[in-house]
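The block underneath contains the structure these notes are about, expressed in structure tokens.
We number each residue from 1, following the sequence as shown.
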Amino acid sequence: MSDMTSDNIPSGAPIPSGPEAQVNQSLAELHQLTRQGLVVSDDPIVPGIWLSLDPESATQGSYTTAPGMLLSVSFHTETPGRWQALHLGLGGIDLRDRHVLGFVLRSDAPQTVTFRACLRSGEEGGFTDHFFPRHIVSFEETSVHVDLLQIGRSPDLAREAPWRHLILFFKPQSLDVTLRDMRVFVL
């Protein structure tokens, strides 16, 4: 699948009642919120959605939300850390008898920005990360990115986990990016 330019992922589309309903409900709530703030690592913007910064970095961040967009984030990095990320809590999505877990993201940025998406699954004593195969690229013009993990092609991906996060890992550097809309799907 390739990135394509588009004006819309349909806003107000019905929220699925499947295993992805929890995260899509949080995204819908964020889509309607008006708020500005400083990035405080692991402090939820809405239940189930938060930003995190490597505490060893010298990074400051701010965010804005407004109806019609999800989140605009600005990071100013003096000393890069290992990560700066947006976490979406997925609960304990059960991937048994599922074929794919994916997402659709509409975004833009004043200067081209690339970042990665990851599925993090909790396990005893920690977690495992499975990165989606494609880099996300946000351009000056709003574009759509679609990506998915093929569960059957990932034998080391736990089918059951006590918790999961979909994480957008931004490069640990100064950047600005606006996430216009996002949906998660499990088939």
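Both L86 and I136 are members of a single hydrophobic cluster when ILVMFWY side chains are connected at heavy-atom separations under 4.5 Å. Both Y63 and F115 sit in one connected hydrophobic cluster of ILVMFWY residues. Membership requires side-chain heavy atoms under 4.5 Å apart, directly or through other members. Side-chain heavy atoms closer than 4.5 Å link hydrophobic residues (I, L, V, M, F, W, Y) into clusters, and following such links, even through other members, never connects V46 to V40. Connection of W50 to L119 is not established within any shared hydrophobic cluster, with ILVMFWY side chains joined at heavy-atom distances below 4.5 Å, either directly or through further cluster members.
D42 CG: more than 12 foreign heavy atoms inside a 6.0 Å radius. Residue Q60 places its CD atom among 12 or fewer non-hydrogen atoms of other residues, nucleotides or ligands, all under 6.0 Å distant.
Taking 4.5 Å as the limit, some side-chain heavy atom of M69 sits within range of a side-chain heavy atom of T64. L168 is not listed as a side-chain neighbour of L88, based on a closest heavy-atom distance of 4.5 Å or more. Counting only heavy atoms from C-beta outward, the side chains of T112 and V137 approach each other to under 4.5 Å. Side chains of L101 and L148 form no contact here, defined as non-hydrogen atoms less than 4.5 Å apart. With a 4.5 Å cut-off on side-chain heavy atoms, S41 and S52 count as touching. Proximity of L105 to L179: side-chain heavy atoms (C-beta onward) are separated by under 4.5 Å at one or more points. In this structure, L157 and L95 have side chains that are in contact, with non-hydrogen atoms separated by less than 4.5 Å. Counting heavy atoms from C-beta on, the side chains of D54 and T59 never come closer than 4.5 Å.
From T142, atom OG1 reaches atom CZ of R180 across 5.0 Å, with rounding to the nearest 0.5 Å. Distance check, rounded to the nearest 0.5 Å: CD1 of I49 to CE of M182 gives 8.5 Å. T178 OG1 to L71 CG: the interatomic distance, rounded to the nearest 0.5 Å, is 8.0 Å. To the nearest 0.5 angstrom, S57 atom OG is 9.0 Å from R82 atom CZ. From L27, atom CG reaches atom CG of L166 across 8.5 Å, with rounding to the nearest 0.5 Å.
When only modelled atom types and interatomic distance are considered, S107 and H145 share no side-chain donor-acceptor pair under 3.5 Å. Under the 3.5 Å distance criterion, with hydrogens and angles disregarded, no donor-acceptor pair is assigned to the side chains of D108 and S138. Side-chain atoms of T65 and R35 include no donor-acceptor pair closer than 3.5 Å.
Looking at Q150, its side chain never comes within 3.5 Å of a backbone N or O of H99 through a donor-acceptor pair. A donor-acceptor pair is defined here as one N or O able to donate and one able to accept, closer than 3.5 Å; such a pair exists between the side chain of R159 and the backbone of I151. Within the 3.5 Å criterion, the main-chain N or O of I93 finds a donor-acceptor partner in the side chain of R164.
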Intermediate values then yes/no, side chain to side chain contact (heavy atoms under 4.5 Å, CB included), R120 and L90: CA-CA 10 Å; R120 177 168 287 174; L90 302 177; over 6 Å; no
Steps toward side chain to side chain contact (heavy atoms under 4.5 Å, CB included) verdict (Q32, L30): CA-CA 5 Å; Q32 299 304 314; L30 184 59; over 6 Å; no
Side chain to side chain contact (heavy atoms under 4.5 Å, CB included) evaluation trace for V73 with D176: CA-CA 6 Å; V73 181; D176 297 297; over 6 Å; no
Verdict with supporting geometry, L149 and V100, side chain to side chain contact (heavy atoms under 4.5 Å, CB included): CA-CA 6 Å; L149 288 173; V100 297; over 6 Å; no
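Taking each heavy atom of A161 and S121 in turn, the nearest pair found is CB-CB, 4.1 Å. In terms of heavy atoms, Q173 sits closest to Q84 at O-NE2, 2.8 Å. Between E29 and P47 the shortest heavy-atom distance is OE2-CD, 3.7 Å. Nearest heavy atom pair, residue D147 against residue F185, reads O-CZ, 4.1 Å.
Below 30°, between 30° and 60°, or above 60°: for F170 and F75 the angle between ring planes is between 30° and 60°, a tilted geometry.
Cluster partners of F131, using a side-chain heavy-atom cutoff of under 4.5 Å among ILVMFWY residues and allowing indirect links, are W83, I167, F169.
In summary, the aromatic rings of H165 and F127 are positioned with their centroids too far apart to meet the 6.0 Å limit.
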